[in-house]
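The chains referred to below are lettered A, B, ... by the order of the sequence lines, with proteins before strands, and numbering in each begins at 1. Remember, predicted model here, so these are calculated numbers, not experimental data.
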Amino acid sequence: MGAVTALALLIPAIVAALVAIFGWRPFTAWLAPVSGLVIIGVGVVLAVHVLDVGPLAAFGGQLRVDALSALMIILIGAVATITTTYAVAYLRTELATGATTPKRARIYGVLVQLTIAAMLVVVTADNLGVVWVAVETTTVATVLLVGHRRDRNSVEASWKYLVLGSIGIATALMGTVLVYFVSRHSGGDPSNALNWSSLVERAPRLDPDALRVSIGLVVLGYGTKAGLAPVHSWLPDVYSQAPAPVAALMAGVVSAMSMYALLRFKVVADLALGAGFVRSLLVAAALFSLVAAASLMVTQRDYKRLLAYSSVEHMGLIALAAAIGSPLAMSAALLHMIGNGLAKSVAFSATGEILFLTGTTRIDGVRGLLRRQPFVGGVFALSLVALLGLPPFSLLASEVAIVRAGLSEGLGWVIAIAITVMLVIFTAVVVHALDMLTGGEVPPVSAPDVHITSLTGRAPFVVGLVAAAAIGVSIWPIERLLHAAALVVAR
Amino acid sequence: MQAGLVALSGVCVALALAPTVLAEPLERATTVVSGIADGAPITTDGVYLQLSGIQAGLSPLLLATGLAVMMIAALAVVRRSRVRRTTRGIPAWGCGRTVQTARMEYTATSFAEPLQRVFDDVLHPEIDVDVDHHTESRHYVQAIRYRLHTRDAFEHRLYLPLLAVARRWGDGARRIQNGSIHRYLAYSLFTLIIVLLVSR
Amino acid sequence: MTQTGFVQLLDLAAGVVLVTSFTALWLRRLSTVVRVVALQGVAVGLVALVIGIHSHETELVAISPIVVILRGIVLPGMINRAIRSGAEHREVESLINIPASLLAASGLTLLAYATTRAVVALSPSPQVQAIPIGIAVGLIGVLMVATRRKAVLQIIGVLMLDNGIALVTFLATSGVPLAVELGIAFDVLLAMFILQLLTTRIRTKFGGTDLDQLRELHD
Amino acid sequence: MSVSGIAVALLQVALTIAVAPVLVGLMRKIRARLEGRIGPPISQPWRDLRKLLGKQRLVSANTGWVFSLAPLVLIASAALVAAIVPFLSTRSALDQVGDLFAVVYLLLLGTVFLSLAGLDAGTAFGGMGASRAMTITAIAEPTVLVAIFALSVSSGSSNLGAIVSSTLANPSTAASPQSLLAFAALAVVTIAETGRLPVDNPSAHLELTMIHEAMILEYSGPDLALLELAAHLRLVVFLGLLANLFVPWGIATTVQPLHLLGAAAAVLVKITVLAAIIAVVEVFIAKLRLFRVPELLAASFVLAFLAVTVSFFLA
């Protein structure tokens with residue numbers, strides 16, 4: 001089993017090396033989706049193993065895969081497959097229109113694989129310091145990916161992303177170091193003081209006051225990386241300027257990694273400090289995120305930023321579910337992460353196509369999308385339907401579960417505010433989407449009329465939506481895994 | 001085009017004649033919500049409907065058949081006594097003005113005009129009447145245009161102000177994300193300070 | 001290495017780190033600020049060395065020269081190259097004037113001491129008592145990033161933040177496991193390299209490193 | 001739904017159809033006498049009906065199926081209501097078939113079809129009459145409902161038989177404020193719905209004032225006969241409703257023929273008295289301006305509303 005986890009980590013690294021050596025050629029381009037599928041396979045194998053036998057340690061105790069990690073590996077694999085498959089078509093169009101050079105495409109391929117490798121380390125590492133290093137690596141890799149287009153706006157976006165990201169991640173490091181300090185001074189073997197498994201054992205013996213400061217820093221640090229308000233300001237700029245597949249990858253799963261790390265720390269904090277502290281922080285962050293997202297979506301003019309704020313909203317919802325903390329809320333949070341990952345990656349990839357079609361990211365520059373390009377318009381519409389939490393997609397099930405969990409845990413007023421704000425967001429998104437999808441006169445097309453007709457080009461969109469709908473209709477395939485993962489992080 | 005209308009009215013009539021068809025599923029739905037269900041509100045033995053709360057009975061089926069029977073009876077009486085054939089196509093009574101044009105018919109606006117005048121302080125209709133007099137003398141009217149427009153109270157008093165507030169709120173909220181990195185860093189710094197103070 | 005000698009050396013090095021962070025806020029000329037931050041890096045390395053020798057941790061002693069080289073020479077060198085490539089004048093421009101930023105820095109230091117009282121109380125050894133200095137330096141770094149207009153100064157602010165965290169790491173737990181330590185150092189190096197790279201790109205795209213020009217991405 | 005029940009119902013319908021025109025003839029006779037005229041004999045309406053039935057049926061140019069269906073619907077609804085309303089006995093066969101709401105809405109069905117027929121001919125008069133009728137119905141309708149609600153609340157059920165028998169059982173409720181208020185409200189609505197004087201002048205053919213007449217302007221021959229008969233029948237039904245709901249004494253509580261005979265006599269007397277009162281009142285008051293009628297109906301709505309509030313507080 002250890003070999004299997006090692007395989008999961010090595011595959012993206014090997015693909016990165018191959019792309020580095022041979023450049024972005026047809027056969028190397030298709031390696032990335034294959035590696036995504038292999039990751040899903042590894043995730044499933046590990047999940048089956050973990051559900052039967054229980055968490056497994058590998059690589060000399062450094063790596064530890066439990067139900068939550070297996071679920072996350074599957075999510076990473078799924079989103080990676082979707083985004084890298086679309087990336088093949090995306091880069092082919094960009095190379096065709098001269099928007100990017102083969103050298104930059106090569107760097108792109110390498111960096112995406114490095115990000116995926118780093119994410120796999122995040123979810124499998126047992127040492128929280130290694131988790132931090134892996135999250136930092138994803139930041140560094142994605143900063144360069146955001147700068148892929150090399151125009152004024154993407155430079156500005158990368159600068160803001162790196163500066164704000166560095167401060168956020170440094171805060172998290174400070175928190176991690178203090179947690180390490182507190183756990184070393186609570187007796188027990190100092191060598192694995194920072195390992196999550198040992199931290200959970202010694203949690204009751206940790207000194208509450210000292211731990212509270214460190215957990216506060218950790219929540220703020222990883223909150224910044226996850227895009228929770230009020231430290232979310234980098235997110236809209238980055239998601240709107242990054243190339244569509246990169247934005248899809250980041251919105252789908254990179255922000256989920258920070259939330260994963262946050263959940264790991266929350267387990268320790270809840271055992272040591274009781275649920276109250278982290279719950280209040282997360283509830284505040286969730287409400288901030290929802291209100292900020294709603295306020296900024298109402299009169300939004302850019303559809304990529306609209307989706308970015310939808311990410312802030314969904315991260316807020318996941319934080320709310322985590323704040324509630326009961327097993328039902330936790331499984332809802334994880335299900336929401338998966339649903340959001342799938343729907344968001346399809347949505348952002350669709351914006352890539354819309355950008356090629358209309359040449360503008362402004363909402364009022366796009367009219368009659370369903371008529372002009374039925375496939376892209378349809379996919380974009382369906383992904384928005386999923387993000388709005390309408391049936392048959394899984395986000396509806398998770399949102400209902402969050403509401404029920406919140407009510408049963410006595411957080412009625414928070415749920416009430418959340419629902420009203422989400423109503424505002426619902427109307428805002430519907431209004432903007434209808435402008436784009438229907439609408440009368442069609443502005444002149446400035447960009448060349450290049451759009452994906454090949455089956456492989458369309459496959460990722462369809463697969464992503466079908467997966468989200470399938471989970472929405474019946475969560476049978478991942479139900480046991482989801483439940484086990486929820487128990488890992490639930491109170 | 002009328003297919004839709006006919007279908008819907010058909011459903012209404014069907015429901016009127018046999019409301020109990022829906023009674024049972026509705027009742028099952030209400031039992032889910034605790035506190036509302038108080039047994040079966042409508043009980044029926046096929047023809048008669050019995051409301052559980054008050055001791056009142058109704059039988060839409062019988063009423064409809066009774067109506068039909070009476071109509072057929074009246075028709076029979078009228079047809080039996082008819083002496084000569086019906087003549088059709090004679091001009092309607094125009095009070096001496098024989099040429100009846102479609103423009104003289106009542107339109108929806110004119111049909112509703114009396115009712116609107118009764119409820120005018122609720123509806124606040126905007127009425128504008130413009131009269132074209134004959135060029136020769138002001139006494140003779142060539143054409144009268146009567147336009148009446150009632151604004152939808154809800155839309156005018158509730159939805160539009162609400163949308164205006166939302167738009168103002170949205171524009172105001174733009175300042176949060178005005179692009180200056182120093183503003184974003186200020187957010188991070190203050191949040192860091194607040195978190196440190198909170199978790200002391 | 002006598003106990004008192006160790007305490008004095010430790011306090012000296014930690015004191016140097018804190019003082020350098022204040023002077024970095026106070027100075028006007030860009031190049032001297034870089035030299036001060038380099039000194040701060042060296043001081044952090046010295047702290048690691050002193051703790052390593054005192055608690056006979058060979059691993060820590062081995063790391064301290066790497067820290068000195070990295071934070072004292074390599075990173076400041078990068079920042080200097082970023083400054084030299086730009087022709088604009090080398091003055092420090094800030095949103096709030098110097099006295100205000102010094103006042104804010106002292107406020108943050110007080111905050112750092114207040115918030116880490118519980119941490120220090122956990123095991124009051126000389127190293128642990130110096131932890132608030134590390135956190136204070138980190139907070140001052142954030143303040144510098146938040147108040148300075150120039151891109152280069154923001155890089156220096158980030159570097160100070162990392163120096164603060166490194167100091168906390170050495171003081172609190174005499175270094176995290178080697179793998180994590182190297183990982184952190186590598187990531188900081190990478191981040192600095194990209195920041196410097198971006199600075200040159202900003203200069204080419206925006207004509208100058210004044211960050212107020214970066215306002216095109218707004219709602 | 002025993003056979004005897006149906007027999008009683010049919011008897012009741014036949015009786016009301018026979019009585020209705022005679023009653024209207026009587027009202028015209030009373031008005032004539034008061035105005036110093038001899039006036040046509042009481043059986044004049046029947047003669048008119050017989051004459052009309054014999055006449056040729058003329059259908060104007062652009063009329064649809066509503067034009068020929070309306071008379072049938074009107075006469076059928078009036079007759080059905082006549083069968084349901086407990087003229088003769090409280091336990092009539094149709095007691096479970098229709099309650100007070102069914103009665104009101106059958107009458108409303110007639111009014112609606114009449115105004116549709118008025119519109120159908122497409123003449124200006126038809127449209128004018130229909131729009132005025134609908135204005136009045138729109139305001140009168142809530143009053144009827146609220147008044148009935150007041151009645152059914154006090155007697156605990158909306159079935160006519162039950163209301164009458166409950167009033168019979170404890171006579172004090174007949175004189176209670178809510179039934180008096182409900183009676184007043186229903187009286188005003190009766191005048192409005194059947195087109196009596198303050199609201200609409202039944203005998204006038206002056207375009208400006210007529211409401212009911214304008215709608216049946218296009219009809220001739222047998223159709224007109226049906227419409228006239230239906231109008232008379234509605235008047236009798238309304239009066240019967242008023243009489244038996246508020247002054248129920250004399251109504252049979254069983255179905256024996258002897259009791260029915262007595263009940264028939266009693267109800268005839270009551271209806272004649274009411275008709276006479278209306279006729280006398282009509283002589284002395286003038287027709288209200290069309291836009292004064294809503295105020296009258298608003299007053300009746302307030303009465304009905306008071307009836308309900310009173311019935312809740314006192315019951």
Discussion item. Does B:R175, at its CZ atom, have more than 12 non-hydrogen atoms belonging to other residues, nucleotides or ligands within less than 6.0 Å?
Written reply: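 Open.
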
Discussion item. For B:F190, is the CZ atom crowded, meaning more than 12 foreign heavy atoms sit under 6.0 Å from it?
Written reply: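 It does not: B:F190 CZ has 12 such atoms or fewer within range.
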
To the closest 0.5 Å, what do you measure between [atom1] ([X]) and [atom2] ([Y])?
X	Y	atom1	atom2	result
A:S233	B:R183	OG	CZ	10.0 Å
A:T299	B:R168	OG1	CZ	12.5 Å
B:I194	A:L281	CD1	CG	11.5 Å
B:S188	A:H232	OG	NE2	10.5 Å
A:R301	B:R174	CZ	CZ	4.0 Å

What part of [X] is in contact with chain B, defined as an atom under 4.5 angstrom from a non-hydrogen atom: side chain, backbone, both or neither?
X	answer
A:V163	side chain
A:Y309	side chain
A:T224	neither

Item to complete: Indicate yes or no for a side-chain donor-acceptor contact from A:K160 to the backbone of B:G179 under 3.5 Å, with no hydrogens or angles considered.
Response: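 Yes, A:K160 side chain to B:G179 backbone: donor-acceptor pair under 3.5 Å.
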
Fill in: B:Y184 and A:I167, any side-chain heavy atoms less than 4.5 Å apart
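Contact flag for A:I167/B:Y184 side chains = no.
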
Worksheet entry | Closest non-hydrogen atom pair, A:P230 against B:Y187 |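 What the structure gives for the nearest pair is O-CB, 3.6 Å.
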
Discussion item. Can you tell me which portion of B:L196 sits under 4.5 Å from chain A's heavy atoms? Options are side chain, backbone, both or neither.
Written reply: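 Side chain of B:L196 only, per the 4.5 Å heavy-atom cut-off to chain A.
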
Fill in: chain B interface, residue from A:D209, A:T171, A:L296 that has the most non-hydrogen pairs under 4.5 Å
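Option with the greatest count: A:L296.
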
Worksheet item: Out of A:V298, A:I215, A:T427, A:L164, which one racks up the most heavy-atom pairs below 4.5 Å with chain B?
Response: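 The option with the most such pairs is A:L164.
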
Practice prompt. From the options B:L192, B:L189, B:T191, B:L185, select the one residue that forms a side-chain contact (heavy atoms from CB on, under 4.5 Å) with A:V231.
Written response: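 Between A:V231 and the candidates, side-chain contact (heavy atoms from CB on, under 4.5 Å) is satisfied uniquely by B:T191.
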
